[in-house]
Number of protein chains: 2
Amino acid sequence: MELIRIYRCFCDETRLRILNLLAATPLCVCHFQGVLREPQVKISKHLAYLKSKGLVEARRHRNWMIYGLPAKRGAELESNLKCLQDCVQTHPVFKRDLRELAAMRSKLGWLEEVCPPRSRRKPCRA
Amino acid sequence: MELIRIYRCFCDETRLRILNLLAATPLCVCHFQGVLREPQVKISKHLAYLKSKGLVEARRHRNWMIYGLPAKRGAELESNLKCLQDCVQTHPVFKRDLRELAAMRSKLGWLEEVCPPRSRRKPCRA
DNA sequence: TTTCTATATACCTATATTGACATATTCCAA
DNA sequence: TTGGAATATGTCAATATAGGTATATAGAAA
């Protein structure tokens, strides 16, 4: 059942933090590392989990893997993402993550090219 | 984190079916057995799990344990229960459960006394 | 008391999840 | 073609989950 798959994805804090960030914009793994301050392998595995369950999509851009919420989402995923957004508004952790993300965005100044070419920036992980 | 506890409770089909029924009315274990057609031990364990996570409350009425959603629920639980309700509207399983419940209610004719005294009825499980 | 009904718990097994460490892969640049 | 950067995967250990069988408990009835 689709719902169960969604809730299984939702029942880990790292994954919730990832989804919270992805609700704002697609991101590459190094961004998650910077914002969440968790080891690369942990983030990578949770992303793989989310992808295997259809909660995120990934595309490669040069060296980077860009993860994002699926372009077309079922009604159930949509509702639950919205609900998650509501619930998360007041949580310090999630708010901090979004602030960190905003800071990193303005520092690196990227737009739809989530990870700009290496020649124009420091590595994401700083 | 409260949210995680909620989603862990939500990521099992039997528990979702239980919560769906409880959104309609408090119930005793034998009702779940009748509606869900799952073995008593399975239901009892899932109820114990839900109770340990604060998603349901229980009180004893004579021989029966009456389970219900908590009287006062946090905003997160409230939102997610509502979201669950929305998502579940269209699922055959959940709809069937509610129909079965309605049938059982009219057959047994109980009101706030979820399980009426034995002298006035057949056992819940039939 | 003894018995019955409703429910809970112990114990076991199988499987899933999570995190850590080490290693592999992919792409790019020199 | 070699090296480095970004990301993924394999293996392992610890823990959690889920279902089954058998048994225990609590309350009501006989």
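Lettering follows sequence order; numbering is per chain, from 1. What you see below is based on every heavy atom in this structure, not just the backbone, and it leaves out hydrogens, waters and symmetry mates. Keep in mind that this is a model prediction, so the values were computed, not measured.
In terms of polar N and O atoms assigned as donor or acceptor, the side chain of A:K45 comes within less than 3.5 Å of the base of D:dT11 in a complementary pairing. Residue side chain A:Q40 does not reach the base of D:dA6 through any donor-acceptor N/O pair under 3.5 Å, judged by distance alone.
Closest to the side chain of A:C30, from the set C:dA10, D:dT7, D:dA8, is D:dT7. With distances taken from any side-chain atom of A:M65 to the nucleotides D:dT9, C:dA8, D:dA8, the minimum falls on D:dA8. When the nucleotides D:dT7, C:dT7, D:dA18 are ranked by their closest atom to the side chain of B:Y67, C:dT7 comes out on top. Here the nucleotide nearest the side chain of B:N63, chosen from D:dT7, D:dT17, D:dA28, is D:dA28. The A:R60 side chain lies nearest to C:dC27 when the options are C:dT18, D:dT7, C:dC27.
What separates CD1 of B:I66 from P of D:dA26 is a distance of 18 Å, to the nearest Å. A straight line from CG of A:L27 to P of D:dA6 spans 15 Å, rounded to a whole angstrom. Computed from coordinates, the A:E13 CD to C:dT18 C1' distance equals 14 Å when rounded to whole Å. The CG atom of B:D12 sits 13 Å away from the C1' atom of C:dA16 (whole-angstrom rounding). In this structure, CD of B:Q33 is placed 12 Å from C1' of C:dA8, rounded to the nearest angstrom. Taking atom CG of B:L50 as the reference point, atom P of C:dA8 lies 12 Å away to the nearest angstrom. Atom P of nucleotide D:dA18 and atom CG of B:L36 are separated by 15 Å, given to the nearest angstrom. Following rounding to the nearest Å, A:R8 (CZ) and C:dT15 (P) show an atom-to-atom distance of 15 Å.
The main-chain N or O of A:M65 is never found under 3.5 Å from a side-chain atom of A:R60 such that the two would form a donor-acceptor pair. Although no hydrogens or angles enter the test, the distance criterion places a donor-acceptor pair under 3.5 Å between the side chain of B:R8 and the main chain of A:C11.
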Go through it in stages, so that I can follow the logic: the residues are B:E2 and A:H91, the test is side chain to side chain donor-acceptor pair (under 3.5 Å), and I'd like the CA-CA distance, side-chain angles, deciding distance and then a yes or no.
CA-CA 11 Å; B:E2 168 71 0; A:H91 276 73; over 6 Å; no
- [ ] Give the C-alpha distance, both sets of side-chain angles, the deciding distance and a yes or no for side-chain contact (heavy atoms from CB on, under 4.5 Å) between A:V88 and A:V93.
- [x] CA-CA 9 Å; A:V88 132; A:V93 183; over 6 Å; no
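Between B:R15 and D:dA18, a side-chain N or O to OP1/OP2 separation shorter than 4.0 Å is present. In this model, the phosphate group of C:dT7 is not approached by any side-chain N or O of B:S44 to a distance below 4.0 Å at OP1 or OP2. Remark: A:H61 is not in phosphate contact with D:dA6, judged by side-chain N or O atoms under 4.0 Å from OP1 or OP2.
Mapping B:V41 and B:Y49 onto DNA chain D by nearest heavy atom places B:Y49 closer to the 5' end of the strand. Where A:V29 and B:E38 meet DNA chain D, the nucleotide closest to each residue was compared, and A:V29 sits on the side nearer the 5' end. Along DNA chain C, the nucleotide nearest B:A58 and the nucleotide nearest A:K53 are compared for position; the residue whose nucleotide lies closer to the 5' end is B:A58.
Ring planes of B:F10 and A:Y7: perpendicular class, angle over 60° (limits at 30 and 60°).
Residue B:F32 is out of contact with every strand shown, counting any heavy-atom pair closer than 4.0 Å.
Taking the ring centre of A:Y49 as origin, the terminal cationic atom of A:K51 falls outside the region bounded by 6.0 Å and 45° from the ring axis.
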